[in-house]
Amino acid sequence: MRLSQILISTLRDDPADAEIPSHKLLARAGLIVKTAAGVYTFAPLMWRVVRKFAQIVREELDREGANEVMLPILQPKELWVSSGRWDRYVNDGIMFTLKDRKGSDMCLGPTHEEVMTAYVNAQVNSYKQLPVNCYQIQDKFRDEIRPRFGLMRGREFIMMDAYSFDADQAGLDEAYQKMRRAYCRIFERCGLEYTVVQADSGAIGGAGSEEFMVLADSGEDSILFCRDSGYAANVEKATSRLPDAPAGGEPLPMEQIATPDVRTVAQLEAFFPGWTAGRMAKTVLYHVTWKNKARVVAVMMRGDLEVNEVKLANALDALAVRLATDDEIRAATGAEVGFAGPVALPEEVPLLADESLQGRTNLLTGCNRTGYHCLNVNLGRDCRQPSFKDLRTARQGEGCPLSGRPLEQARGIEVGHIFKLGTKYSKAMGATFMDQGGKPQPFVMGCYGIGVSRTPAAAVEQNHDDKGIVWPASIAPFECVVAMLDPQRAEQVMLGARLYAELREAGVDVCLDDRALSPGAKFKDNELLGFPVQVFVGRKAGDGQVEFLVRRGMQKSECAAGEVKARVLAALGR
RNA sequence: CGGGCCGUAGCGCAGUCUGGUAGCGCGACUGGUUUGGGACCAGUAGGUCGGUGGUUCGAAUCCACUCGGCCCGACCA
């Protein structure tokens, strides 16, 4: 391919709306162009990148026996009602919905469990047809609260999603492991530094799930991990050993103390010398939404620890949780903000507590009276016995749940996510097959996603320098460029064409940069675009000498034309 | 959803406070000279100043509304 025939439009400046390296570089290289917030046009070279990555995904999934299909993006409401997810997705405002000319509700698919389950259910009647694993690579639509970071969090994006259907749990376990293996190979082939972490299954639902995280400072997810035990988890899911806190001792009589304008844990520590945060129980009020109702719930947490809202939503089986507003707090507790507590909490407000408070005595809490807190509160004696759950956010430095060693923290970009769904969707949608006994059984399902447009962006995040992108060879738009510095000079044109043909012959995905640019511009442009291996045919072409550049590390050297092929192949690891 | 900021030429920006002929750099186009680090010279084109309404003799500038976009916060009881 000749670059003069490809639409390439690099910019000198970073676009004003880009924050992170991958967004800046992809936009500056002209590889992506914003069409609307979170909606991008992919330039020809970027589309080559995406297609190459998608091809890797296909090869590795096909190797494990998965089948590629094409599913509709435009989907009817009924399908989503049948799984029970219409309300949740509409409630969250994350789904693009529309009406057709008849007034029927439709949506643009944010994910494809429903369509796939309906499809497989219609085609598969017997256990003899199982297992089945189908996938698709297509655009998905999510009306993100805050699209950002270019391709990282778009509203229209490309995703691979696969769904496995098995007769039983053992079949699912096997399908899951196959996909896990395939995912590892996929990200390894892309040369990405990634880690697999335990994850919350979120809106998709289901039991176990793991995320594939590309480690990068710009990552939107926080992960905690332990080098000793190999434990790694998204903070949404992570647990740790409970940090110590001073014991409360034998139960003492409760006292109510005037604490005017003392509202926060820090202020309480200052007000009551000797009462450290670990002896307090803060009571946080949340507004919780379920499918058919919403109410304010009181959540107790040890004063030195933080509530994990994802765990809270899961514990309550809620659609959404958010902090209660000041008005809601006053209505629920009868006190100003800062004085909520378990003591004298109105009966209609449900009371939850983190496990860190189980068995603890003589706590300092609020008591729902403005300007007062209570000392020596004992749960179950001075107030209702709350229902105890794991609601705590694990933090860096706390003990690993397996080894006890301090957990470390890192940022990650979620590029893949695998779930054991079980029968959640098949039961909801009545998707069954006949087992050997002639009885209908729900499919045991797994689902598996890969961010196909996000992963190349993550690759840039991990592979760039001050000059531009450094594509991993496997997903680079071209593995190699042969650039003639002066396309006016016959000897350069001839040598460039010869090397280009020779490399192509050798199976290298090579392009010929025959554009009429000045040498400086050509160097800059190719560095920015990030081709892994670059061959410059310049003033020494007449002597059969060219310049050879390995983009990673910018190692440059002179090279005889006759050695170019061998050096390119070596640089590409072939 | 809150809070803050920004919409002026393809891109990056100044001009707005203090109303009075719409500017700069890069890019683009033409001609010429160039060809090893985003070349140089000369010239050219390109903008309903996001939109609507208002104030005014006069609005990019002031006011109101509106539409886009960006950033921050979603943890305090």
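Labels below follow one simple rule: chain letters A, B, ... track the order of the sequence lines, proteins then strands, and each chain is numbered from 1.
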Considering only side-chain heavy atoms of V337(A), which listed nucleotide, U35(B), A77(B), C71(B), is closest? A77(B)

Of the candidate nucleotides C75(B), G38(B), C70(B), which contains the atom at the shortest distance from the side chain of L528(A)? G38(B)

I want to know whether F523(A) and F536(A) have ring centres closer than 6.0 Å. yes

For a quick check of understanding: with a heavy-atom distance under 4.0 Å over all strands, which category does Q492(A) fall into, base, sugar-phosphate or nothing? nothing

Mind checking the P distance from C24(B) to G47(B)? Whole angstroms is fine. 15 Å

In whole angstroms, how far is the C1' atom of G36(B) from the CD atom of E547(A)? 8 Å

Look at all strands and tell whether R148(A) reaches a base, only sugar-phosphate, or nothing, counting heavy atoms closer than 4.0 Å. sugar-phosphate

Minimum-distance nucleotide to E306(A) side chain [options: C75(B), A77(B), C70(B)]: C75(B)

Between G12(B), G36(B), C1(B), which nucleotide gets closest to the side-chain atoms of D13(A)? G12(B)

Return the nearest nucleotide to the side chain of A36(A); candidates are U35(B), G69(B), G25(B). G69(B)

Please give the distance between the P atoms of U33(B) and G20(B) as a whole number of Å. 46 Å

When the distance from CG of D486(A) to C1' of U35(B) is rounded to whole Å, what number comes out? 5 Å

Could you tell me whether T333(A) contacts a base, only the sugar-phosphate backbone, or nothing, with contacts defined as non-hydrogen atoms closer than 4.0 Å? nothing

Describe the nucleic acid contact of F536(A) in one word from base, sugar-phosphate, nothing, applying a heavy-atom distance below 4.0 Å. nothing

Rounding to a whole Å, what distance do you find between K524(A):NZ and U35(B):C1'? 16 Å

Within this structure, what is the CD-to-C1' distance between Q488(A) and U34(B), rounded to whole angstrom? 11 Å

Expressed in whole Å, how much space separates the P atoms belonging to U30(B) and G69(B)? 35 Å

Can you tell which of G69(B), A77(B), C1(B) lies closest to the side chain of V284(A)? A77(B)

Does U61(B) have a Watson-Crick or wobble partner in any strand here, with both distances under 3.5 angstrom, and which is it? none

5' precedence on RNA chain B between R263(A) and R539(A) (nearest-nucleotide basis): R539(A)

Using purine N1 to pyrimidine N3 plus N6-O4 or O6-N4 for Watson-Crick, or N1-O2 and O6-N3 for G-U wobble, each under 3.5 Å, what pairs with U34(B)? none

Does either side chain, that of Q492(A) or that of D486(A), offer a donor lying less than 3.5 Å from an acceptor on the other one? no

Expressed as a whole number of Å, how far does the P atom of A14(B) sit from that of U8(B)? 11 Å

Heavy atoms from C-beta onward define the side chain here; which of G36(B), C75(B), G38(B) lies closest to that of R28(A)? G38(B)

Watson-Crick or G-U wobble mate for G73(B), both contacts under 3.5 Å: C1(B)

Using a strict 4.0 Å threshold on nitrogen-to-oxygen distance, state whether D465(A) and K467(A) make a salt bridge. no

Do other residues, nucleotides or ligands put more than 12 heavy atoms under 6.0 Å from M494(A) CE? no

What's the closest nucleotide to the side chain of K34(A) if the choices are G69(B), G38(B), G36(B)? G69(B)

Nearest-nucleotide pick for D17(A), side chain only, options being G36(B), C70(B), A77(B): C70(B)

Salt bridge (Lys or Arg N to Asp or Glu O under 4.0 Å) partner of K540(A), the single match among E547(A), E558(A), E491(A): E558(A)

Measure the distance from CG on L7(A) to C1' on G10(B) and round it to the nearest whole Å. 13 Å

Just to confirm, is there a sub-4.0 Å distance from OP1 or OP2 of G27(B) to any side-chain nitrogen or oxygen of R12(A)? yes

Whole Å only: how far is the CD1 atom of I145(A) from the P atom of G73(B)? 14 Å

From the options A77(B), G36(B), C71(B), select the nucleotide whose nearest atom is closest to the side chain of K282(A). A77(B)

Under 4.0 Å, counting only non-hydrogen atoms across every strand here, what does G538(A) touch: a base, just sugar-phosphate, or nothing? base

Using the C1' atom as the point on both nucleotides, what is the distance between G12(B) and G2(B), in whole Å? 31 Å

Taking for S518(A) and for N308(A) the nucleotide of RNA chain B with the nearest heavy atom, the one nearer the 5' end belongs to S518(A)

Taken to the nearest whole Å, NZ/K467(A) to P/G38(B) is 11 Å

For C57(B) and U66(B), measure between their C1' atoms and round to the nearest Å. 28 Å

Check for me whether R48(A) meets the cation-pi criterion with F478(A), that is, NZ or CZ under 6.0 Å from the six-membered ring centre and within 45 degrees of the ring axis. yes

Give a yes or no on whether a salt bridge exists between K389(A) and D354(A), defined as a side-chain N under 4.0 angstrom from a carboxylate O. no

With no angle test and no hydrogens, is the base of G38(B) tied to the side chain of D525(A) by a donor-acceptor pair under 3.5 Å? yes

Checking N1-N3 plus N6-O4 or O6-N4 for Watson-Crick, or N1-O2 and O6-N3 for wobble, each under 3.5 Å, the partner of A28(B) is U44(B)

Decide whether a cation-pi geometry holds between R369(A) and Y372(A); the criteria are a distance under 6.0 Å from NZ or CZ to the six-membered ring centre and an angle within 45° of the ring axis. yes

Whole-Å P distance, A42(B) and U18(B): 40 Å

E328(A) atom CD is separated from G2(B) atom P, nearest whole Å, by 14 Å

What integer number of Å spans the P atoms of C1(B) and A45(B)? 47 Å

